[in-house]
**Q** 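Here it is, the structure, as structure tokens.
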Amino acid sequence: ALGTVAGILVVSGIVTLILPESVTTPPSQVASPETALADRLVAPLPYGGGDGSSTAAQAVNWGTVGPVRQSDSYTYTALPAASATVPEFGRVTTEWFSDAAFLGDSLTVGFVDYEIDLDGARVLAYEGASPNNFVNRTTMKNANDEEEIPLDILAADPPAKLYLLVGTNALASGTKDESFLNYYGRLLDDLRSILPNTKIFVQSILPVRPEVLETSPGMATDHLNTINGSIRDMCAEKGCYYLDLASLFTDSEGALTEEYAQPDGIHLTVSGYNAWVSYLCTHVPYDKDNPYQPGSEYYLDDSIKQLLTDLP
């Protein structure tokens with residue numbers, strides 16, 4: 001009996017030695033072709049599912065695939081997941097705004113008053129404006145004291161990108177939520193209708209200083225958060241980008257950061273506008289052709305862009 005057992009063990013050892021490693025190694029330890037390829041790439045092939053899982057390699061479509069932040073020495077790519085808010089990516093230069101337009105109230109007028117560098121972007125800004133003024137095609141005076149109907153101006157010369165910030169006047173004056181949100185939704189519908197090929201960026205309504213709440217309780221932090229949440233949901237429904245700009249200007253108490261506030265507690269200082277532009281430059285949807293600033297996380301020089309263009 002002992003001799004039989006010993007013989008079996010000897011034969012088993014010989015078989016183990018002559019079999020390929022892939023047969024003797026447990027399946028979980030065998031590297032797949034995709035994994036082996038990924039280990040050699042700075043930017044591996046994108047995963048198929050939103051959870052990072054995939055059963056087959058896919059062609060890289062650099063128009064819809066965006067990298068996430070680097071981990072160690074790798075930049076992993078993944079199919080974009082739906083996000084309620086545009087997250088922070090690499091920094092673009094102000095060239096990004098060269099084919100953009102800004103639509104809003106007196107907060108947006110500040111871009112003109114302070115001569116903020118937006119690389120030629122059009123600024124359609126009107127003191128006292130609310131969503132209903134745009135929807136009703138009200139004639140308003142722009143920052144240069146010229147009368148015009150904003151949506152007609154946009155329809156006549158559609159921008160590639162539109163940045164919208166409006167709502168402070170309506171909420172501060174006590175407009176009922178139902179009416180306000182109804183007009184806001186209609187405004188987004190109108191913009192989508194007249195600008196079918198424009199990327200529309202909707203910026204959240206900014207907070208105010210505490211003293212403003214004495215006369216404008218509609219701007220209270222909790223109420224403002226609720227309204228901005230409804231606007232964010234509208235953007236998801238209507239195909240617009242939502243930017244949580246308010247988070248940049250909100251202090252620990254939920255009020256407008258004192259550093260950026262004018263004495264009236266509503267409008268912004270020059271440093272506030274510079275911070276605003278910086279925020280917009282770091283919150284854009286990823287695209288390989290974006291004018292990323294040299295040194296940015298996703299900066300690509302012309303030679304690399306050409307290589308990516310040649311990919312299938």
Side-chain angles (χ1 to χ4, degrees), residues 62-67 80 85-126 129 134 142-144 146 148-166 187-188 190-204 235 239-245 248 268 270-306 308-309:
W62 289 96
T64 58
V65 174
T85 304
V86 177
E88 182 176 357
F89 283 117
R91 176 181 291 273
V92 297
T93 67
T94 55
E95 181 187 347
W96 166 266
F97 304 111
S98 62
D99 55 2
F102 285 72
L103 178 66
D105 51 30
S106 56
L107 283 166
T108 302
V109 170
F111 284 114
V112 177
D113 290 343
Y114 293 122
E115 299 181 348
I116 303 299
D117 179 21
L118 292 173
D119 210 323
R122 284 179 288 161
V123 178
L124 306 178
Y126 313 88
F134 296 134
N142 62 24
N144 296 317
E146 302 165 335
E148 60 191 25
I149 300 176
L151 266 59
D152 288 353
I153 298 293
L154 289 170
D157 187 11
K161 312 165 188 113
L162 177 70
Y163 284 89
L164 172 68
L165 176 58
V166 66
L187 173 58
L188 295 185
D190 287 352
L191 290 173
R192 267 275 149 255
S193 177
I194 66 174
L195 305 172
N197 300 314
T198 297
K199 294 180 180 178
I200 299 176
F201 294 86
V202 177
Q203 302 164 97
S204 56
C235 290
C240 301
Y241 293 103
Y242 179 77
L243 294 169
D244 185 18
L245 183 65
L248 172 68
L268 305 177
V270 173
S271 61
Y273 283 95
N274 289 331
W276 186 347
V277 173
S278 181
Y279 177 93
L280 297 184
C281 283
T282 55
H283 291 75
V284 301
Y286 173 79
D287 189 286
K288 71 179 181 64
D289 292 321
N290 285 352
Y292 289 111
Q293 180 176 306
S296 166
E297 187 173 2
Y298 306 127
Y299 177 69
L300 303 174
D301 61 28
D302 291 340
S303 62
I304 297 298
K305 285 184 179 180
Q306 185 59 50
L308 295 177
T309 300

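This structure is a prediction, so every number in the text was calculated from the model and none was measured.
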**Q** Is there a donor-acceptor pair under 3.5 Å between the side chain of Asp105 and the backbone N or O of Leu107?
**A** yes

**Q** Given the rule in the side-chain contact (heavy atoms from CB on, under 4.5 Å) test, do Leu162 and Leu191 qualify, once you have shown the distances and angles that lead to the verdict?
**A** CA-CA 9 Å; Leu162 177 70; Leu191 290 173; 3.8 Å; yes

**Q** Using a 3.5 Å distance criterion without hydrogens, assess whether the side chain of Lys161 forms a donor-acceptor pair with backbone atoms of Trp96.
**A** yes

**Q** Provide the closest heavy-atom pair for Ala275 versus Leu248 in the form atom of the first, atom of the second, distance.
**A** O-CD2, 3.4 Å

**Q** Write down the atom of Pro150, the atom of Leu124, and the distance for their closest heavy-atom approach.
**A** O-CD1, 4.3 Å

**Q** Write down the atom of Arg91, the atom of Ser296, and the distance for their closest heavy-atom approach.
**A** N-OG, 3.0 Å

**Q** Within the distance-only criterion (no hydrogens, no angle test), does the side chain of Ser204 pair as donor or acceptor with the backbone N or O of Leu245 below 3.5 angstrom?
**A** yes

**Q** Find the distance between CD1 (Ile200) and CG (Leu103) and round it off to the nearest 0.5 Å.
**A** 10.0 Å

**Q** May I have the step-by-step check of side-chain contact (heavy atoms from CB on, under 4.5 Å) for Phe97 and Val277, ending in yes or no?
**A** CA-CA 10 Å; Phe97 304 111; Val277 173; 4.2 Å; yes

**Q** Taking it one step at a time, do Thr198 and Arg192 satisfy side chain to side chain donor-acceptor pair (under 3.5 Å)?
**A** CA-CA 8 Å; Thr198 297; Arg192 267 275 149 255; over 6 Å; no

**Q** Taking it one step at a time, do Tyr279 and Trp276 satisfy ring-ring contact (aromatic ring centres under 6.0 Å, His included)?
**A** CA-CA 5 Å; Tyr279 177 93; Trp276 186 347; 9.5 Å; no

**Q** Mind checking the CD-SG spacing from Gln203 to Cys235? Nearest 0.5 Å is all I need.
**A** 10.5 Å

**Q** To check you understand the geometry: which heavy-atom pair defines the closest contact between Phe89 and Val284, and what is its length?
**A** CD1-O, 3.0 Å

**Q** Any chance you could measure Leu243, atom CG, to Phe201, atom CZ, to the nearest 0.5 Å?
**A** 6.5 Å

**Q** Hey, does Leu118 have a side-chain heavy atom less than 4.5 Å from the side chain of Phe102?
**A** yes

**Q** Identify the heavy atoms of Leu280 and Tyr163 that sit nearest to each other, and give their distance.
**A** CD2-CE2, 3.9 Å

**Q** With sequence neighbours excluded, tell me which residues meet side-chain hydrogen bond (donor to acceptor under 3.5 Å, both in side chains) with Lys199.
**A** none

**Q** Where is the tightest heavy-atom contact between Val166 and Ala129, given as atom of each residue plus distance?
**A** CG2-O, 3.8 Å

**Q** Any donor-acceptor pair under 3.5 Å linking the side chain of Ser98 with the backbone of Thr94?
**A** no

**Q** Any sub-3.5 Å donor-acceptor pair from Asn290's side-chain atoms to Pro285's backbone N or O?
**A** yes

**Q** Please tell me if the side chains of Leu154 and Pro159 come closer than 4.5 Å, counting only heavy atoms from C-beta onward.
**A** yes

**Q** To the nearest 0.5 angstrom, please state how far the OG1 atom of Thr108 sits from the CG atom of Leu164.
**A** 8.0 Å

**Q** Atom CZ of Phe134 and atom CD1 of Ile149: how far apart are they, to the nearest 0.5 Å?
**A** 12.0 Å

**Q** Answer whether the closest heavy-atom distance between the side chains of Arg122 and Asp157 falls below 4.5 Å.
**A** yes

**Q** Got a second to check how far Thr85's OG1 is from Tyr242's OH, nearest 0.5 Å?
**A** 6.0 Å

**Q** Are a donor atom and an acceptor atom from the side chains of Glu148 and Tyr126 found within less than 3.5 Å of each other?
**A** yes

